[in-house]
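Naming convention: chains lettered A, B, ... in sequence-line order (proteins, then strands); numbering from 1 in each chain. For the numbers below, each heavy atom of this structure counts, side chains included, while hydrogens, waters and symmetry mates do not.
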Amino acid sequence: LAKTTQPISMDSYEGQEVNITCSHNNIATNDYITWYQQFPSQGPRFIIQGYKTKVTNEVASLFIPADRKSSTLSLPRVSLSDTAVYYCLVGPNTNAGKSTFGDGTTLTVKP
Amino acid sequence: DAGITQSPRHKVTETGTPVTLRCHQTENHRYMYWYRQDPGHGLRLIHYSYGVKDTDKGEVSDGYSVSRSKTEDFLLTLESATSSQTSVYFCAIRQTGENTEAFFGQGTRLTVV
């Protein structure tokens, strides 16, 4: 399973764009990159998933360079409610889709 | 939350006693997972299931066993609870196919004293 490396913590202010980068040098050909968000006392919640290039949905964008050894989660115009832990996962979605959670990035949004 | 229920939500038990946690889903998803999360850390996979009676070990399976006799239920058993198994346990489900997300339960906070 590919190991991921993320910053332990980040601070931002309301209304700013936040970019969280994840390194996954050992990503395999059939691995997807998935980001989850977790609030205290809750289970993680899916944000976005991609394989290559760029993916965008209503809450975030995911940028993946051609070599796929890293990825960047972009949160536009964050609010206080975006304060959470963000996890980058790399793993196959076929079979059982075992993926490894790292320690995540704690994002704190300040007013 | 995507038709997934964990029970109990909180439990305190004594060292050496067996404990069973239940994960129940109403989504008919093929894959089910048990994770544990310790303070300040990410989730670690204990066991997972890819169908009825089909299970496999994750990265921290020692001291745990699982069973899946029906699609909707995935049970996690601590054969003889230890203080190191004090943690928050999360169940997750996922449907078949590529590019699918996992849905997580609300967690079970287990304290072994």
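Of all the listed residues (A:Ser41, A:Gly104, A:Pro44), the one sharing the greatest number of non-hydrogen pairs under 4.5 Å with chain B is A:Pro44.
When heavy atoms are compared at a cutoff of 4.5 Å, A:Tyr36 approaches chain B solely by way of its side chain, counted from C-beta outward. At a 4.5 Å heavy-atom cutoff, B:Gln6 makes no contact with chain A through either its backbone or its side chain.
Taking the six-membered ring for Trp and the full ring otherwise, B:Tyr33 and B:Phe90 have centroids separated by 6.0 Å or more.
In the hydrophobic clustering, where aliphatic and aromatic side chains (Ile, Leu, Val, Met, Phe, Trp, Tyr) are joined below 4.5 Å either directly or transitively, B:Leu75 stands alone.
Comment: B:Arg22 engages B:Asp73 in a salt bridge, judged by a side-chain N to carboxylate O separation of less than 4.0 angstrom. Ion pairing between a basic and an acidic side chain is recognised when a charged N comes within 4.0 Å of a carboxylate O; A:Asp31 and A:Arg68 show no such pairing.
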